[in-house]
Structures are given as structure tokens and as C-alpha cells.
Peer 1: 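One structure is given below, represented as C-alpha cells, and several questions about it will come after.
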Amino acid sequence: MIDVLIAGAGPNGLMLACELALAGLRPVVLERRDTLGGEPRANGLVGQVVRLLDRRGLYTRLSGGNTPPAPQPAFTFGAFPLDLTVLADNPHYVLGVPQAQLQATLAARAAELGVELRHGHDVVDLRQRPDAVEVHLADGTQLTARFLVGADGGRSTVRRLVGIDFPGVTDDRSTSRTATVAVPASFLDPATGGLRVPGYGVVPPFQHTRTPRGLIAWAPFPGRPALLTTTEWPDAPTDDETPMDLAELRASVTRVLGADVPFGPAEGPGLLRRLTGRNTRIAARYRADRVLLLGDAAHVHPAIGGPGLNLGLQDAVNLGWKLAATVLGWAPPGLLDTYETERRPVAERVVMSTQAQSALTGPGDEITGLRQLFAELLRMPEVTGHIAALMSGADTRYPADPADPLAGRHAPDVVVHGAHGPTRLAELTHAARPLLLDSTGAHAETAAGWRDRVDVVTGPLEGTTATALLVRPDCFVAWSAGDAGTLRAALARHFGRPSA
């Protein structure tokens, strides 16, 4: 019997497979396509997920460098520029890699860990038993697994087959157009990298720019074709049956800016995409017995601000260790249910953020007035800090002891000064095992009963005022320095009964 069957080999499904393999399981990933999709989708990673990838040893593979991630000095929210240099503790990270590269990197890592990826396998039916899930494929094959995870996108077949509703709203008022383009050199602003348009001015790079007639975004990615995107709110519905061409996008740019940009096709494979409307939905539940939902199968939202992979990949690492603990038999009661109770509120905040940004970019004089007020608010560093924490996910706190200021939050970037010199937390978490970081060595005896599941690292801690931290596999703090009784309770609550 297969331990865990994952439907969908997108980044979220592959990340989950890696987490399960690190925990000692052998998951199988099913992908309905014959190859991994290489079509342009997300253009980078935004938020705390960049630090998470560093803590799995994947950041340098993706960035091509050998230095840890650093906070981004600027970003955008609702077509407002955010100056993040005003923050004493900037939580916002960005890694500009296309989704296809991320997917290929995760597939390579999964292969290194022994994960089996089966292409050309489409789930068409399933039946749950008390101890397993029977999964029927389009070619007539039947597979049996202890658990099935649907990571098969917003139109999830797994979600439909298991009967989980997908409530929300569809807003069909907007039309977005995106293409990879080549722009004449005379239209490029050497000082900013922006798009210099006669009759309008400069369109800044890598942020949304709102005009009274719509929205435009210019993304001149280094080493790959630039992307140009517009969003409009037409009076009449757009004809989605006719394929989009560059002339359609050029006409849209002219309407939005009130000036023409004479661009042409980019070299190599290009992107031409028209999207009508926006979907905002969260699954009625994330779990139905032995079937769970992950990523877009559990939630969809507007892409503005780029939160999708930040949300989905962190869903995967939250689910991974809990599902592995359940299969391996040491999970405390109810641990797997905390996947939804912890991650649903995060999805709800992402939905709130993307809806607010969509509203701020909309047409109309009343939105212009709202933006004038919002621009005043963003001059306050505390407002910028709040927005940065919201967009990056740094404000996430899972239910925890309210008397413990660090419990339930992202683990800080501590450095342990051990016998062999300083070691970053990111170097200690590649194996995705729970960690007890103990500056004094006083807590090792308390944790002795969990040494088969929890690694103990001793040495002075730099980067935190706590003298000890219990860190979950998903790099959230389960406990920070208290007495032996509170540590024992936290170990049992997260990692089950101590071994004999």
C-alpha cells in the first residue's frame, strides 16, 4: 500500500512530497500531463516562503548564489509603492524565479529523496475505506493509499470527487492581458529600468501602476523576456473565444496610458494570456477523512501581490510533518486536524489582502479618493510595517500559549554557537526534523523521551532573547524557554507520547 498519494505535480504537490520523504515516507505523485508544465505562471516567490526554502537548503539552488536571503527594500501593495527601508525589522523577502524553474528544482529534489513521480496519470474516481483510499485512474488502474492529497489546482478533481464545496465569489468585471514582449531601447529608462512612454511618463518596473482607465505592470526580468500586463474594467463583456494577440494588448496599453507603446514579440517561446474576472474561494473543509486538499485545490484568490506560492508552499510544510506523524503512528490525537485550523485563517487573510488590493486598483473617482487617503496612511512607518507583515505572512501566529511570546510564530533566524563554531538555524533544518535549541543544556534531559523524533542542539543562541526554543519541522516555534513542565507539555502536544 502507498503511504500517501499526491494528485498534482505542481510546486505545492512536489513540496509536500519532499517533506513526506524527509520524514521517512515514500509518497507517490500523480501528474495528468506527460511532462511538467513549463508555461509561464508565477514569476517569483514573495514573503516568508523565501526563508522557508533557505531552511530546506533550496534557496541557493534557486538563486544561484551562496548567500542567505536578504529583505527586499521595496515592494508594492494595491498599486502603491512600499518603502520598506523605513522598517527596523523588514520581514519581506522576494526571490525572482519563474514557476517553471521552481517546479523543476522541486522535482529534482523529490527525485533525490526517492519520490516516485508518475506522468500521464489522471484521477477519475475514488472510494474511501476506514483504513485507506482506493483511487481509480483514467487508464483503468487502481491504486490504494493510506491518504490521498489533492494538489490538483483550483478546478480540483479530487475536491469534486470527495464532495467538498468550494464557496466564494466570481467577479467577471475585469479583463487582464499579459504577454512577453520586446520593447524598443528608446522606450527603456536606464535610470529606473522602467518603461518610458512619450505622452505619459515612466511606468516603474515590477509594480502595478493605476491610471483612471486601468492598471499596467511592466516586469523586465533579467535574463528572460519582459512581461507586460494590463487590467481594465470594460463596459461590455470581453469575447474570450477569440485568441489574444499582441495587437489586442497594444490597444489595451494605449487605453490605459493614453499613449502608444510599439512593442513586438519576444524571442523564443512567448506568453499570450487573457483572463476575465477573478475567483475568490476557500474550500468548505480541507479534509474529508483520508483525503486532504492542498494549495489552489483548497483556496483561490486574485494574484495581485504574488501571495499564491507563499501560501501554498507553507500549506505543504504544515501538512507534511503532521501527515507523516499520522502514518508513522506517533501523532498525538487531533494533530492532523490542526492543518486546517492553522492554515485556514492564513488563507482568509490572504483573501482579505488580495480583495483589498483589487478594490484599491479599481476604476472610479471614489477609488481615487480612497487612494489619496491610503497614500497618507502609508507615510506612517507603522502602517507600512503592518502591510509588510500581512503581505509576507510574517504576522501569522498559530494557536499557542498566550503567555509565550514566541510560540506559534515563525522561528527567528537564530545562530547557535556550538563546539564546531556558529551554525545558522537554516543549516539545522534541512532534514525537516523537530529541534530543541538549548543554550544551557538544562532541557536535554526533559526531552530525552522524544529523542527519536526531536533533535537537541546545545550552545549559546544569537538572534533571540530566549534561552531555549522548540522548533517544529515547519520552522514555527512550539515553545520558548520556560520550565521543564511547560516543555514536556509542548513536546507531547506536538510530537506525541515519549518513547519507552
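Side chains are part of it too, since the values below use all heavy atoms of this structure and drop only hydrogens, waters and symmetry mates. Sequential numbering from 1 along the given sequence is applied to the chain's residues.
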Peer 1: Students often mix this up, so state it plainly: with edges at 30° and 60°, are the rings of His443 and Trp479 parallel, tilted or perpendicular?
Peer 2: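 Judged by the thresholds at 30° and 60°, the geometry between His443 and Trp479 is perpendicular.
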Peer 1: Assess the side chains of Ser353 and Gln357: does a donor N or O sit below 3.5 Å from an acceptor N or O?
Peer 2: yes
Peer 1: Give, for atom OG1 of Thr229 and atom CG of Leu227, the distance between the pair rounded to the nearest 0.5 Å.
Peer 2: 6.0 Å
Peer 1: Donor-acceptor pair, distance only, cut-off 3.5 Å: does the side chain of Gln355 make one with the backbone of Thr280?
Peer 2: no
Peer 1: Do other residues, nucleotides or ligands put more than 12 heavy atoms under 6.0 Å from Arg32 CZ?
Peer 2: no
Peer 1: What pair of heavy atoms forms the shortest contact from Ala79 to Leu215, and how long is it?
Peer 2: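 Smallest heavy-atom distance, with atoms named: CB-CD1, 4.0 Å.
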Peer 1: I want to check something: taking the side chain as every heavy atom from C-beta on, are Phe147 and Val327 in contact at a cut-off of under 4.5 Å?
Peer 2: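 Counting from C-beta outward, Phe147 and Val327 do come under 4.5 Å.
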Peer 1: Does NZ or CZ of Arg287 come closer than 6.0 Å to the centre of the six-membered ring of Tyr339, within 45° of the ring's axis?
Peer 2: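 No, Arg287 and Tyr339 do not form such a contact.
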Peer 1: Is the terminal nitrogen or CZ of Arg371 (NZ for Lys, CZ for Arg) located under 6.0 angstrom from the six-membered ring centre of Phe80 and within 45° of that ring's axis?
Peer 2: yes
Peer 1: Should the heavy atoms of other residues, nucleotides or ligands under 6.0 Å from CG of Asn66 be counted, would the total exceed 12?
Peer 2: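 Not buried by this count: 12 neighbours or fewer within 6.0 Å.
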Peer 1: Between Asp189 and Leu195, is there a side-chain heavy-atom distance shorter than 4.5 Å?
Peer 2: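 Answer no - side chains too far apart.
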Peer 1: Can Leu425 and Val416 be said to form a side-chain contact (heavy atoms from CB on, under 4.5 Å), step by step?
Peer 2: CA-CA 7 Å; Leu425 175 63; Val416 183; over 6 Å; no
Peer 1: Under 4.5 Å between any side-chain heavy atoms of Leu84 and Leu87, yes or no?
Peer 2: yes
Peer 1: Check whether any side-chain heavy atom of Asp395 lies under 4.5 Å from a side-chain heavy atom of Arg349, and answer yes or no.
Peer 2: yes
Peer 1: Using ring centroids (six-membered ring only for Trp), state whether Phe221 and Phe206 fall under 6.0 Å.
Peer 2: yes
Peer 1: Measure from the side-chain N and O atoms of Gln48 to the backbone N and O of Pro91, and report whether any donor-acceptor pair falls under 3.5 Å.
Peer 2: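 Yes: the side chain of Gln48 pairs with the backbone of Pro91.
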Peer 1: Centroid-to-centroid, Trp321 to Phe476, below 6.0 Å?
Peer 2: no
Peer 1: At what distance, to the nearest 0.5 angstrom, does OG1 of Thr231 lie from NE2 of His208?
Peer 2: 6.0 Å
Peer 1: So, the side chain of Asp474 versus the backbone of Gln314: is there a donor-acceptor pair under 3.5 Å, distance only?
Peer 2: no
Peer 1: Is Lys322 close to Glu342 at the side-chain level, that is, under 4.5 Å between some pair of heavy atoms?
Peer 2: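 Answer yes - side chains close enough.
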Peer 1: Does some side-chain heavy atom of Leu62 sit less than 4.5 Å from a side-chain heavy atom of Leu95?
Peer 2: yes
Peer 1: Which heavy atom of Val477 sits nearest to which heavy atom of Ala411, and what is that distance?
Peer 2: CG2-CA, 3.7 Å
Peer 1: Taking all non-hydrogen atoms of both residues into account, name the closest pair between Arg290 and Arg146 and its distance.
Peer 2: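 Arg290 and Arg146 have their closest heavy atoms at NH1-O, 3.0 Å.
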Peer 1: Any chance you could lay out the salt bridge (charged side-chain N to carboxylate O under 4.0 Å, His left out) test for Asp413 and Arg424, step after step, and finish with the verdict?
Peer 2: CA-CA 7 Å; Asp413 284 324; Arg424 297 170 57 231; 5.5 Å; no
Peer 1: Any side-chain to backbone donor/acceptor pair from Glu31 onto His119? Under 3.5 Å, distance only.
Peer 2: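 Here the side-chain-to-backbone pair does not exist.
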Peer 1: Do the side chain of His386 and the main chain of Glu382 share a donor and acceptor less than 3.5 angstrom apart?
Peer 2: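 No: the side chain of His386 does not pair with the backbone of Glu382.
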Peer 1: Is a side-chain donor or acceptor of Arg281 paired with a backbone partner of Phe166 at a separation under 3.5 angstrom?
Peer 2: yes
Peer 1: How long is the straight-line distance from CG of Leu16 back to CG of Asp315, given to the nearest 0.5 Å?
Peer 2: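 CG of Leu16 is found 10.0 Å from CG of Asp315.
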Peer 1: Without swapping roles, check the side chain of His494 against the backbone of Pro434 for a donor-acceptor pair under 3.5 Å.
Peer 2: no
Peer 1: Decide whether Asn279 and His301 meet the rule of one side-chain donor and one side-chain acceptor closer than 3.5 Å.
Peer 2: no
Peer 1: State, with a plain yes or no, whether a side-chain heavy atom of Tyr93 is found less than 4.5 Å away from one of Phe75.
Peer 2: no
Peer 1: Does Arg26 form a salt bridge (charged side-chain N to carboxylate O under 4.0 Å, His left out) with Asp3? I'd like the steps, not just the answer.
Peer 2: CA-CA 6 Å; Arg26 285 299 179 95; Asp3 288 333; over 6 Å; no
Peer 1: For Gln101 and Val97, indicate whether the former's side chain and the latter's backbone hold a donor-acceptor pair under 3.5 Å.
Peer 2: no
Peer 1: Quick one, Arg109 and Met15 - any side-chain contact, counting heavy atoms below 4.5 Å?
Peer 2: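 Not touching, per the 4.5 Å side-chain cut-off.
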Peer 1: If you measure from CG on Leu143 to CD1 on Ile2, what distance do you get to the nearest 0.5 Å?
Peer 2: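 The CG atom of Leu143 sits 4.5 Å away from the CD1 atom of Ile2.
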Peer 1: Between Glu112 and Arg61, is there a side-chain N and carboxylate O pair less than 4.0 Å apart?
Peer 2: yes
Peer 1: Please step through salt bridge (charged side-chain N to carboxylate O under 4.0 Å, His left out) for the pair Glu427 and Arg55, ending with a clear verdict.
Peer 2: CA-CA 7 Å; Glu427 299 172 74; Arg55 291 172 173 180; over 6 Å; no
Peer 1: What distance separates Leu469 CG from Ser480 OG, expressed to the nearest 0.5 Å?
Peer 2: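 The distance works out to 6.0 Å.
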Peer 1: Could you pull out the closest heavy-atom pair between Val123 and Ala7, with the gap in Å?
Peer 2: CG2-CB, 4.2 Å
Peer 1: Exactly one of Leu319, Val115, Leu113, Leu25 should register a side chain to side chain contact (heavy atoms under 4.5 Å, CB included) with Leu20. Which one does?
Peer 2: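 Of the listed options, the one satisfying the test is Leu25.
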Peer 1: Ignoring hydrogens, what is the shortest heavy-atom contact between Ser499 and Arg453? Give both atom names and the distance.
Peer 2: N-NH2, 3.3 Å
Peer 1: If we count only N and O atoms by modelled type, under 3.5 Å, do the side chains of Thr458 and Asp438 hold a donor and an acceptor together?
Peer 2: no
Peer 1: Is Asp165 reaching over with its side chain to a backbone N or O of Pro167, donor-acceptor style, under 3.5 angstrom?
Peer 2: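 Not at all, since once roles are kept as given, no pair shorter than 3.5 Å links the two residues.
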Peer 1: Under a 3.5 Å distance rule, please check whether Arg343 uses its side chain to pair with a backbone N or O of Thr338 as donor and acceptor.
Peer 2: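 Not confirmed, Arg343 side chain does not pair with Thr338 backbone.
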Peer 1: About how many Å separate CG of Leu294 and OH of Tyr286, when rounded to the nearest 0.5 Å?
Peer 2: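 Spacing of OH (Tyr286) from CG (Leu294) equals 9.5 Å.
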Peer 1: Looking at Asp152 and Thr157, what are the two nearest heavy atoms and their distance?
Peer 2: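 Answer, listing the atom of Asp152 first, then Thr157: OD2-N, 3.0 Å.
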